[in-house]
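Some notes on the structure that comes next.
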Amino acid sequence: MAMATRSRGKGARARTGVLAIVAVSVLLLGEPRAAMAGEPTDQIRAQIAVMYGAVGASASAPSPSSMGSVRKAADQMFDWRAMAREALGDHWAKRSAEEQNEFARLFVNLFEDAYLSKIRLAEADKFEYLGETAVGNEAVVRTRVVTRNGSAIPVNYLTRRDEAGRWRVYDLHVERISLVRNYRSQFASIIRRTSFEQLLARLKAVEDKRSSVEG
């Protein structure tokens, strides 16, 4: 009985010691989710502010000059090449440099239009930055968007620091769904059922339709 009591006493002291170590670790290192804002968030915030300034304040279509400013901000924020490569998946390496460049160009137009159309549905003054989690050269910037009908949608910006030290977005998670993986699934299905050339043709048709509307 005495041995059992001593064993329980040692176990309790061991657990206390472990808890003390954990407490010290938290104090010294901090929790990853405690970082509320940093350079990735600041860069994303500034670029999104430019976009909202051009397309978020009015329900009418933005002017060509406004769209030029918006696309310039989007080019600074998104790592288009990385996103296009991930969206095409295993098929990327099978294509020539010329085909890769054409696909990347068409993908940029597709994604950009989809993203900017969503910005116009959101309330600029209710866009919330919830914090960021950074590990090495990658960081996730957490936001919440409130649409004009009152729906609150969590949107996470997955960023990576490039050689110039800028944080560039390589994916968006909307309600925990990866947009790049979603596109990859659709593109793979089209290629499987038809061909890569047909995928390019479909993307080109979308581009032509947009050009005619803007014209």
Side-chain angles (χ1 to χ4, degrees), residues 26 28-57 62 66-89 92-93 100-101 103-147 152-185 187:
V26 170
L28 293 177
L29 302 177
E31 297 180 58
R33 60 192 177 94
M36 290 304 295
E39 191 174 334
T41 299
D42 291 342
Q43 290 187 20
I44 297 295
R45 191 198 308 268
Q47 290 151 353
I48 288 178
V50 171
M51 298 182 196
Y52 268 124
V55 303
S66 295
M67 285 307 300
S69 299
V70 169
R71 291 195 169 109
K72 182 178 179 180
D75 289 343
Q76 293 174 346
M77 185 168 76
F78 291 100
D79 187 344
W80 294 125
R81 186 78 175 180
M83 295 175 70
R85 184 174 59 248
E86 288 299 315
L88 198 55
W92 177 269
Q100 290 174 354
N101 291 337
F103 171 79
R105 185 185 70 80
L106 293 169
F107 173 77
V108 169
N109 291 337
L110 178 71
F111 191 96
E112 192 175 63
D113 283 353
Y115 179 77
L116 296 181
S117 68
K118 296 299 184 293
I119 278 186
R120 296 179 63 188
L121 297 177
E123 296 283 0
D125 58 346
K126 295 181 181 179
F127 196 103
E128 299 178 80
Y129 292 88
L130 307 178
E132 69 182 44
T133 301
V135 178
N137 287 325
E138 296 198 359
V140 177
V141 177
R142 300 185 299 279
T143 73
R144 181 163 52 224
V145 177
V146 178
T147 64
I153 303 173
V155 180
N156 290 348
Y157 291 78
L158 279 65
T159 70
R160 184 181 295 121
R161 185 160 45 196
D162 64 15
E163 295 179 353
R166 298 172 301 176
W167 293 90
R168 309 285 298 282
V169 176
Y170 64 89
D171 196 3
L172 284 179
H173 286 186
V174 179
E175 295 184 310
R176 300 184 179 182
I177 297 175
S178 164
L179 295 191
V180 170
R181 284 200 298 268
N182 193 20
Y183 276 117
R184 184 168 63 212
S185 176
F187 295 158

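The analysis underlying the following values was restricted to heavy atoms, covering all of them including side chains, and did not include hydrogens, waters or symmetry mates. In this text, all values refer to a predicted model and were calculated from it rather than measured experimentally.
Side-chain atoms of Thr41 do not come within 3.5 Å of backbone N or O of Val141 as any donor-acceptor pair. A donor-acceptor pair under 3.5 Å is formed between the side chain of Arg168 and the backbone N or O of Gln76.
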Can Leu172 and Tyr157 be said to form a side-chain contact (heavy atoms from CB on, under 4.5 Å), step by step?
CA-CA 5 Å; Leu172 284 179; Tyr157 291 78; 3.1 Å; yes
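When each of Leu158, Ile44, Asp79 is paired with Val169, the side chain to side chain contact (heavy atoms under 4.5 Å, CB included) condition holds for Ile44 and for no other.
When every heavy atom of Met77 is checked against every heavy atom of Ile48, the shortest pair comes out as SD-CG1, 4.1 Å. Closest approach of Val155 to Thr143, counting heavy atoms only: O-OG1, 2.7 Å. Pairing each heavy atom of Arg144 with each of Leu130, the nearest pair is NH2-CD2, 3.9 Å. Across all non-hydrogen atoms, the minimal contact from Val50 to Ala73 is CG1-CB, 3.9 Å. The two residues Trp167 and Gly136 have their closest heavy-atom pair at CH2-O, 3.9 Å. Closest heavy-atom contact between Glu112 and Ala74: OE2-CB, 3.7 Å.
Between Glu132 atom CD and Thr159 atom OG1 the span is 7.5 Å, to the nearest 0.5 Å. If you take CD1 on Ile177 and CG on Asn156, they are separated by 12.0 Å, rounding to the nearest 0.5 Å.
Under the side chain to side chain donor-acceptor pair (under 3.5 Å) criterion, Ser185 pairs with no residue at all, not counting sequence neighbours. Judged as a side chain to side chain donor-acceptor pair (under 3.5 Å), and not counting sequence neighbours, the contacts of Arg160 are Glu138. Partners of Arg105 by side chain to side chain donor-acceptor pair (under 3.5 Å), not counting sequence neighbours, listed by chain and number: Glu102, Glu207. Here Arg161 pairs with nothing under the salt bridge (charged side-chain N to carboxylate O under 4.0 Å, His left out) rule; sequence neighbours left out. For Gln47, there are no side chain to side chain donor-acceptor pair (under 3.5 Å) partners two or more places apart in sequence or in a different chain. With sequence neighbours excluded, no residue forms a salt bridge (charged side-chain N to carboxylate O under 4.0 Å, His left out) with Arg181.
Taking the six-membered ring for Trp and thresholds of 30 and 60 degrees, Phe107 and Phe187 have ring planes more than 60 degrees apart, a perpendicular arrangement. Relative ring orientation between Phe78 and Trp80 is described as parallel, the plane-to-plane angle staying below 30° on a 0-90° scale split at 30° and 60°. Classification of the Tyr183-Phe111 ring pair by plane angle, with boundaries at 30° and 60°, yields tilted.
When side chains are defined from C-beta on, Val108 does not count as touching Arg81, because their heavy atoms never get closer than 4.5 Å. In this structure, the side chains of Val180 and Tyr170 stay at 4.5 Å or more apart for every pair of heavy atoms.
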